[in-house]
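Per chain, numbering begins at 1; letters A, B, ... match sequence-line order.
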There are 2 protein chains.
Amino acid sequence: MPAAAYDIATSRPDAAPEFSPRQQVVLQHALMLLVEGGEKALTTAGLARTASCSKESLYKWFGDRDGLLAAVVAYQASQVQFPSESGATADADTFRAHVTAFVEALLGVLFSETSLALNRLSIGQSNTNSNRLGHLLLVRGKHMISARARTMLESGRRHGLLKFDDAEDAYQVLYGLAIRDVHIRFLLGESASTAERDHKSQAETAVDRFYRLFGA
Amino acid sequence: MPAAAYDIATSRPDAAPEFSPRQQVVLQHALMLLVEGGEKALTTAGLARTASCSKESLYKWFGDRDGLLAAVVAYQASQVQFPSESGATADADTFRAHVTAFVEALLGVLFSETSLALNRLSIGQSNTNSNRLGHLLLVRGKHMISARARTMLESGRRHGLLKFDDAEDAYQVLYGLAIRDVHIRFLLGESASTAERDHKSQAETAVDRFYRLFGA
DNA sequence: GCAGAACCGTACGGTACGGTTCGGTGTGCG
DNA sequence: CGCACACCGAACCGTACCGTACGGTTCTGC
């Protein structure tokens with residue numbers, strides 16, 4: 001019996017997956033192939049060639065091709081880090097700056113080529129395999145970010161800087177104001193306009209509008 | 001030399017693709033296969049079986065498999081219709097109701113299983129084939145809707161009901177307020193919550209917030 | 001009624017890829 | 001030294017699917 005594939009059920013969402021350094025290098029090569037050529041470009045033979053490893057090792061480490069894809073998603077999701085928020089609600093200006101920095105980081109992550117490639121991969125597979133990749137990306141990616149954002153917004157509410165009923169609802173509005181339809185357009189292959197490349201000003205206008213809706 | 005594949009370059013974006021009734025039936029079967037099983041489920045042999053046609057006819061009509069996929073996208077995009085906007089700016093209330101109806105229709109289209117399936121298909125292929133499908137979906141789908149929305153919003157501005165500088169920017173905000181991260185979550189396989197199924201109230205709150213930002 | 005076109009169903013070639021097996025190589029350890 | 005282990009590279013197998021070819025059938029215009 002071969003080694004078990006990387007399984008979402010046996011790994012807690014908040015536990016970083018532990019891949020050996022060699023495996024991490026291989027996963028980075030897999031990610032490169034995904035970014036430049038999409039899912040079709042990530043073949044086991046091709047990955048073994050570019051990463052200078054044997055197919056036997058791939059199957060020993062990841063079980064099968066689906067396990068490899070899941071490992072790539074899990075690994076990259078674990079690499080994403082957001083700025084800490086400790087004590088960022090000292091006063092109104094620094095809190096607002098912190099919110100803006102959060103949105104800017106969000107734009108930077110979601111619009112990066114690696115994130116777009118992994119989203120394309122997961123979306124393309126979302127109606128097969130009982131949808132492991134989609135769940136993985138949602139649980140390890142979006143839901144983590146959403147939780148982080150909610151605590152940040154609630155902190156602002158506690159300090160009388162924001163005013164809303166449902167933190168999840170407020171976060172979704174902030175997300176919508178910041179992302180709009182840019183994400184889906186990028187996923188479909190459209191390239192960024194010069195204005196859309198300026199994440200800082202994009203974040204500022206989004207936060208400005210957010211405050212006009214939810215500012216205290 | 002076989003018949004040419006359906007080619008985006010030879011068809012004007014505003015011209016409805018003319019498929020014979022028989023071909024339209026086949027394309028609807030293809031769409032069914034796509035909705036229930038994703039791209040992997042749409043094989044030429046499988047489509048020929050379920051649509052009761054021969055593979056030879058498929059290749060005569062659509063050139064190759066990519067041409068078939070492009071034809072499915074183009075056909076379904078041509079089927080999407082939005083309510084007309086003639087004389088909907090009579091007074092403030094009817095205009096706002098019209099905007100709300102537009103948003104509700106937008107939600108209905110984007111969150112339909114067929115639209116989600118075609119978006120998944122196009123996104124999955126967006127880094128291959130010089131990205132024909134992504135462009136097709138953007139040009140025949142999103143850009144058409146965006147143009148329609150801009151004229152609607154500018155009509156509201158002419159009548160002194162709305163206030164904004166850039167219609168495209170205003171439309172993107174409306175889009176973001178309405179869609180938020182629901183679209184990407186659905187694309188990743190998450191199922192709709194009961195609140196998210198109520199497109200009417202979703203549209204109303206979105207339009208309410210939009211008016212607080214852009215109302216005159 | 002007949003010729004030709006369009007079409008159906010099926011069988012087949014070619015190919016790409018997932019997954020397995022095997023021989024060879026380097027390394028750590030008793 | 002010799003054994004075990006992990007790994008690499010390559011060959012191999014089975015399968016799924018695209019694209020084509022062909023015989024037989026239905027439709028259409030003259």
Side-chain angles (χ1 to χ4, degrees), chain A residues 1-7 18-30 32-34 36-73 121 124-125 127-130 132-133, chain B residues 1-7 18-30 32-34 36-73 121 124-125 127-130 132-133:
Chain A
M1 178 175 163
Y6 179 80
D7 190 349
E18 297 192 355
F19 297 114
S20 75
R22 180 79 180 106
Q23 292 170 5
Q24 295 191 19
V25 171
V26 172
L27 290 178
Q28 287 169 6
H29 279 269
M32 281 175 42
L33 291 177
L34 270 184
E36 66 188 42
E39 191 212 333
K40 264 186 62 90
L42 181 54
T43 65
T44 55
L47 176 59
R49 196 178 333 113
T50 64
S52 296
C53 72
S54 70
K55 288 174 65 175
E56 187 178 18
S57 299
L58 294 182
Y59 283 94
K60 169 177 255 185
W61 294 334
F62 306 113
D64 58 3
R65 187 172 181 273
D66 283 342
L68 171 64
L69 297 180
V72 173
V73 172
L121 170 66
Q125 305 259 309
N127 30 21
T128 60
N129 330 332
S130 70
R132 289 173 58 196
L133 293 186
Chain B
M1 177 176 166
Y6 179 80
D7 191 349
E18 296 192 355
F19 298 113
S20 75
R22 180 78 181 105
Q23 293 171 5
Q24 295 192 18
V25 171
V26 172
L27 290 178
Q28 286 169 5
H29 279 269
M32 281 174 42
L33 291 177
L34 271 183
E36 66 188 42
E39 191 211 334
K40 262 187 59 96
L42 181 54
T43 65
T44 55
L47 177 59
R49 198 180 330 113
T50 64
S52 296
C53 71
S54 70
K55 288 177 63 175
E56 190 176 15
S57 298
L58 294 181
Y59 283 94
K60 168 177 258 187
W61 294 334
F62 307 112
D64 59 2
R65 187 172 181 273
D66 283 343
L68 171 64
L69 296 180
V72 173
V73 172
L121 170 65
Q125 304 259 309
N127 30 22
T128 60
N129 327 332
S130 70
R132 289 173 57 195
L133 294 187

Distance check needed: [N] [atom2] versus [X] [atom1], whole Å only.
| X | N | atom1 | atom2 | result |
| --- | --- | --- | --- | --- |
| B:Phe62 | D:dG19 | CZ | C1' | 16 Å |
| B:Leu33 | D:dC17 | CG | C1' | 15 Å |
| B:Lys60 | D:dC22 | NZ | P | 15 Å |
| B:Leu68 | D:dC18 | CG | C1' | 12 Å |
| A:Tyr59 | C:dC22 | OH | P | 17 Å |
| B:His29 | C:dC8 | NE2 | P | 12 Å |
| B:Asp66 | D:dC17 | CG | C1' | 14 Å |
| B:Leu47 | C:dG9 | CG | C1' | 14 Å |

OP1 or OP2 of [N] less than 4.0 angstrom from a side-chain nitrogen or oxygen of [X], does that happen here?
| X | N | value |
| --- | --- | --- |
| B:Arg22 | C:dC8 | yes |
| B:Trp61 | C:dA6 | no |
| A:Thr43 | C:dC17 | no |

Worksheet item: With a non-hydrogen cut-off below 4.0 angstrom, is B:Arg49 in contact with a base, only sugar-phosphate, or nothing?
Response: nothing
Practice prompt. Could you check which residues of residues 50-58 of chain A get a heavy atom under 4.0 Å from DNA chain D? Sort them by number, please.
Written response: A:Ser52, A:Cys53, A:Ser54, A:Glu56, A:Ser57
Practice prompt. Taking side chain to side chain donor-acceptor pair (under 3.5 Å) as the test, write out the residues that go with A:Gln28, two or more places apart.
Written response: A:Tyr75
Discussion item. Under the rule for side chain to side chain donor-acceptor pair (under 3.5 Å), what residues qualify as partners of A:Gln23, not counting sequence neighbours?
Written reply: none
Worksheet entry | Main-chain N/O of A:Phe19 paired with A:Gln24 side-chain donor or acceptor, under 3.5 Å | yes
Discussion item. Could you check whether any side-chain heavy atom of A:Leu27 comes within less than 4.5 Å of a side-chain heavy atom of A:Phe62, counting everything from C-beta outward?
Written reply: yes
Item to complete: Please tell me if the side chains of A:Leu68 and A:Leu47 come closer than 4.5 Å, counting only heavy atoms from C-beta onward.
Response: yes
Practice prompt. Please list, chain by chain and in numerical order, all residues satisfying side-chain contact (heavy atoms from CB on, under 4.5 Å) with B:Arg22, sequence neighbours excluded.
Written response: B:Ser20, B:Val25, B:Val26, B:Cys53, B:Trp61
Item to complete: Please list all pairs passing the side-chain hydrogen bond (donor to acceptor under 3.5 Å, both in side chains) test where one or both residues lie in residues 44-54 of chain A, with sequence neighbours left out.
Response: A:Ser54-A:Ser57
